[in-house]
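Some notes on the structure that comes next.
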Amino acid sequence: MNKIINPLVAATGGFLCILLLSFLNDFNEAYIWLIPPFGATLVLVMSAHKSPLAQPKNIFFGHVLSGVSGLIVITLIGSDIYCLGLGVGLAIFIMMITNTVHPPAGGNPIIVILGDQNLSFILMPLAAGSLVIIVFAIIFNKIVRRTYPFRNKERN
């Protein structure tokens with residue numbers, strides 16, 4: 001039975017959170033709330049909520065720091081094809097040294113560089129959207145009686 005229930009719970013959570021972000025996106029068209037990496041974040045949070053990669057610190061700082069990586073590259077070097085790899089590589093480096101690895105965030109430097117984004121993109125959608133996902137995940141997981149977030153000793 002858990003082979004059906006757990007995926008159904010995870011899918012429902014992903015659906016509801018993207019629906020919420022979509023509503024926020026449509027409610028105020030001046031701000032972008034939806035970016036593809038958030039879909040991947042929800043896969044982790046809903047289906048692998050015990051993973052260190054799905055914890056709030058990793059979600060928030062992974063998205064923000066990877067976006068900043070893209071800004072650093074575009075500001076200092078530009079936006080040619082080499083910059084895309086450099087932005088992703090810098091994001092990986094920064095996430096690893098800060099212990100905030102969040103794989104979906106690896107797409108953010110590409111979005112920043114290709115879209116010629118600025119600091120406002122770090123605030124909206126990266127920081128604000130990450131916070132919405134984190135708060136949603138905490139509430140949703142409490143409702144479905146799953147422990148989230150996890151502390152290291154709880155994960156074992």
Side-chain angles (χ1 to χ4, degrees), residues 1-75 79 84 87-88 90-92 94-95 98-151 154-155:
M1 192 60 142
N2 278 344
K3 286 186 175 190
I4 299 294
I5 299 299
N6 287 335
L8 188 57
V9 167
T12 300
F15 164 75
L16 291 174
C17 192
I18 289 295
L19 183 64
L20 172 61
L21 289 169
S22 298
F23 173 77
L24 293 170
N25 200 67
D26 285 348
F27 181 70
N28 187 346
E29 294 178 8
Y31 297 106
I32 298 169
W33 283 92
L34 288 171
I35 56 171
F38 285 168
T41 293
L42 283 161
V43 171
L44 270 177
V45 171
M46 292 299 147
S47 66
H49 65 282
K50 295 179 183 179
S51 168
L53 306 175
Q55 299 311 300
K57 175 185 87 165
N58 295 66
I59 293 169
F60 183 79
F61 289 107
H63 280 296
V64 170
L65 293 174
S66 67
V68 169
S69 299
L71 280 182
I72 290 169
V73 169
I74 198 169
T75 301
S79 60
L84 296 170
V88 172
L90 181 59
I92 293 167
I94 290 173
M95 286 189 289
T98 59
N99 199 28
T100 58
V101 173
H102 184 64
N108 293 333
I110 296 170
I111 295 170
V112 168
I113 294 167
L114 288 178
D116 195 25
Q117 301 294 338
N118 57 35
L119 185 58
S120 66
F121 185 81
I122 305 305
L123 301 174
M124 177 66 80
L126 295 180
S130 294
L131 289 174
V132 168
I133 291 170
I134 291 164
V135 170
F136 177 88
I138 290 168
I139 293 169
F140 180 82
N141 280 303
K142 185 174 283 294
I143 290 169
V144 299
R145 298 179 187 197
R146 296 193 306 193
T147 302
Y148 180 86
F150 271 78
R151 292 180 192 84
E154 293 174 332
R155 227 178 261 117

### Message
Using 30° and 60° as the class boundaries, would you call the ring planes of Phe38 and His63 parallel, tilted or perpendicular?
### Response
perpendicular
Taking all atoms of both residues into account, what is the closest heavy-atom pair of [X] and [Y], and its distance?
X      : Y      : result
Ala105 : Met95  : CB-SD, 4.1 Å
Ser66  : Gly62  : OG-O, 2.9 Å
Leu44  : Leu53  : CD1-O, 4.0 Å
Val73  : Ile113 : CG1-CD1, 4.0 Å
Gly14  : Leu42  : O-CD1, 4.1 Å
Ile122 : Gly67  : CD1-C, 3.3 Å

#### Entry: Atom NZ of Lys57 with >12 non-hydrogen neighbours under 6.0 angstrom
yes
At what distance, to the nearest 0.5 angstrom, does [atom1] of [X] lie from [atom2] of [Y]?
X      : Y      : atom1 : atom2 : answer
His102 : Thr41  : NE2   : OG1   : 3.0 Å
Phe121 : Ile32  : CZ    : CD1   : 6.5 Å
Ile74  : Leu84  : CD1   : CG    : 9.0 Å
Thr98  : Ile94  : OG1   : CD1   : 7.5 Å
Asn141 : Thr147 : CG    : OG1   : 8.5 Å
Phe27  : Leu20  : CZ    : CG    : 12.0 Å

Mark yes or no for whether [X], through its side chain, and [Y], through its backbone, hold a donor-acceptor pair below 3.5 Å.
X      : Y      : result
Tyr148 : Ala54  : yes
Gln55  : His49  : yes
Asn58  : Val101 : yes
Arg146 : Met46  : yes

Under a 4.5 Å cut-off applied to non-hydrogen side-chain atoms, are [X] and [Y] in contact?
X      : Y      : answer
Asn25  : Leu21  : no
Ile72  : Thr75  : no
Ser79  : Asp116 : no
Val132 : Trp33  : yes
Ile133 : Cys17  : yes
Ile134 : Phe60  : yes

### Leu126 and its side chain to side chain contact (heavy atoms under 4.5 Å, CB included) partner, picked from Leu65, Ile35, Val68
Ile35
